[in-house]
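So the structure is just underneath, and the comments pick up after that.
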Amino acid sequence: MHKFTKAVAVIGLSLIMSHSAMAETMKLGFLVKQPEEPWFQTEWAFADKAGKDLGFDVIKIAVPDGEKTLNAIDSLAASGAKGFVICTPDPKLGSAIMAKANSYGLKVITVDDQFVTAKGKPMENVPLVMMAASKIGERQGNELWKEMNNRKWNVAETAVMAITSNELDTARRRTNGSMDALKAAGFPEKQIYQVPSKSNDIPGSFDAANSMLVQHPEVKNWLIVGFNDNTILGGVRATEGQGFKPENVIGIGINGVDAVNELSKSKATGFYGSLLPSPDIHGYKSIEMLYNWETKGVEPEKFTEVTDVVLITRDNFKAELEKKGLN
Ligand code: GLA
């Protein structure tokens with residue numbers, strides 16, 4: 001064969017091969033409500049790791065609202081994806097998400113936040129990977145109690161500010177768990193004040209905390225309860241704005257990875273620490289389950305609870321994050 005023809009043939013063959021290799025790489029989606037939270041970035045990173053290990057591509061899409069969520073499902077289907085993992089921006093979108101996914105034959109696994117029906121009933125038939133919400137909340141309450149005693153605060157001059165997001169079930173269970181643990185430890189119930197946050201971010205909890213602080217000028221020391229790091233960060237920022245010193249405030253967040261900047265500050269703040277669960281496992285395991293479901297027909301468990309959690313503070317956060325490969 002002529003040299004040139006041969007070269008073209010080789011190129012042609014390799015094109016065909018790479019094309020068929022491409023066609024074989026499975027695509028799976030990973031949709032998250034708040035990509036600005038390191039929590040979700042960590043889930044994405046570990047979903048990618050699963051994709052590398054097992055040989056599939058992860059299509060990562062931010063879905064901050066209902067419209068973006070439904071559009072994302074359309075574009076996943078158009079790109080030939082077989083299914084997706086999702087942390088929905090609103091649990092009540094569950095039925096609409098399932099209807100659209102089913103219309104395309106896409107498999108769905110939920111992570112972090114459980115779907116509910118329009119009437120607020122949990123959609124237990126959709127597989128869910130989530131943290132042990134009540135238990136992690138109890139741990140928050142117990143750690144707040146412990147640190148309050150370390151500081152030898154006078155309970156009579158202390159109050160709990162619980163910033164709530166009760167419409168989100170996992171959030172409600174965490175803050176209730178925390179308040180229950182504080183009561184069980186002996187904290188007076190009448191000094192536990194609740195305030196709802198208008199949005200699940202720092203500005204929302206900052207506003208909620210400010211309104212609480214002006215209502216209780218008599219309180220010297222504050223314990224801050226909330227469902228994740230951003231909630232506690234908003235609360236702590238509000239106490240700072242109103243002149244509280246770090247030694248009179250204890251906030252313990254949940255997520256850990258969202259607290260790294262705060263814990264890295266050169267001076268301590270009222271943000272004492274955070275409970276670090278396993279965003280790595282949430283990200284890896286949820287999409288691995290989806291992959292096994294699609295490729296091997298392994299039906300995923302309806303409920304996978306991730307229980308592992310560690311308290312990180314300014315003293316140990318670097319080492320603890322490193323242990324989990326999260327630095
Ligand atoms: C919810 C919260 C996140 C994170 C996850 C963990 O989705 O909004 O910040 O705490 O739960 O499951």
Side-chain angles (χ1 to χ4, degrees), residues 30-47 60 62-65 69 85-94 97 109-116 122-123 126-140 163-178 196-205 208 224-235 251-262 271 273-287 289 303-312 324 326:
F30 204 115
L31 280 45
V32 304
K33 62 176 182 178
Q34 284 175 293
E36 72 284 0
E37 281 187 9
W39 173 270
F40 294 108
Q41 291 162 20
T42 310
E43 286 186 342
W44 269 350
F46 281 83
K60 299 182 281 291
V63 292
D65 59 40
T69 306
V85 172
I86 181 168
C87 178
T88 175
D90 177 356
K92 287 208 172 88
L93 288 169
I97 293 170
I109 291 186
T110 49
V111 69
D112 299 314
D113 299 352
Q114 187 171 31
F115 288 164
V116 297
M123 292 173 59
V126 185
L128 169 69
V129 177
M130 85 183 300
M131 66 165 71
S134 304
K135 270 190 223 134
I136 204 167
E138 284 163 21
R139 178 81 186 274
Q140 182 188 63
I163 305 169
T164 62
S165 296
N166 287 342
E167 69 295 342
L168 186 62
D169 187 63
T170 182
R172 186 181 52 76
R173 286 168 50 203
R174 294 178 212 175
T175 45
N176 283 350
S178 185
S197 178
K198 286 213 182 74
S199 55
N200 295 339
D201 52 15
I202 297 178
S205 61
I224 308 179
V225 161
F227 87 104
N228 67 6
D229 287 332
N230 279 349
T231 316
I232 305 298
L233 286 169
I252 298 179
I254 293 173
N255 278 4
V257 283
D258 302 0
V260 173
N261 285 345
E262 184 74 9
F271 191 100
S274 177
L275 295 163
L276 168 67
S278 303
D280 49 331
I281 295 177
H282 287 221
Y284 197 105
K285 194 166 174 103
S286 55
I287 206 155
M289 279 162 50
F303 181 47
T304 304
E305 190 176 49
V306 186
T307 52
D308 165 47
V309 58
V310 49
L311 174 68
I312 57 172
K324 291 189 172 223
L326 294 177

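Remember, it's 1-based here, ligands and their atoms both numbered in the order they're listed.
Between Asn228 and ligand 1, a contact under 3.5 Å exists for at least one N or O pair. Polar contact with ligand 1: absent for His282 (N/O pair, distance under 3.5 Å). At under 3.5 Å, a nitrogen or oxygen of Lys33, whether backbone or side chain, sits near a nitrogen or oxygen of ligand 1. Of the polar atoms of Glu37, at least one N or O is found under 3.5 Å from an N or O of ligand 1, judged by distance alone.
A side-chain contact (heavy atoms from CB on, under 4.5 Å) with Trp39 holds for exactly one of Asp112, Asp229, Val32, Asn228; it is Asp112. Test Asp90, Val116, Asn200 against Glu167 for side-chain contact (heavy atoms from CB on, under 4.5 Å) and you get one pass: Asn200.
Proximity of a side-chain donor or acceptor of Gln140 to a complementary backbone N or O of Gly253 within less than 3.5 Å is not detected. Put simply, the side chain of Ser165 never gets that close to the backbone of Arg172: no donor and acceptor are under 3.5 Å apart. Proximity of a side-chain donor or acceptor of Lys135 to a complementary backbone N or O of Gly177 within less than 3.5 Å is not detected.
Contact annotation: the side chain of Phe115 approaches that of Ile86 to within less than 4.5 Å [non-hydrogen atoms, C-beta and beyond].
For the residue pair Thr170 / Arg174, a side-chain donor-acceptor distance below 3.5 Å is found, with atom types taken as modelled.
Residue contacts with ligand 1: Asp113 is included, with a non-hydrogen atom under 4.0 Å away.
Atoms of ligand 1 found under 4.0 Å from any heavy atom of Phe227, numbered from 1 in the order shown, are 2 (C), 8 (O). Using a 4.0 Å cut-off to heavy atoms of Met131, the atoms of ligand 1 that qualify are 6 (C), 12 (O). Which parts of ligand 1 touch Asp112 is read off a 4.0 Å heavy-atom cut-off, strictly below it: atoms 5 (C), 6 (C), 7 (O), 11 (O), 12 (O).
When the heavy atoms of Asn255, Leu275, Val257 are ranked by distance to atom 10 (O) of ligand 1, first place goes to Asn255.
Contacts with ligand 1 closer than 4.0 Å are made by side-chain heavy atoms of Arg174 only, the backbone lying farther away.
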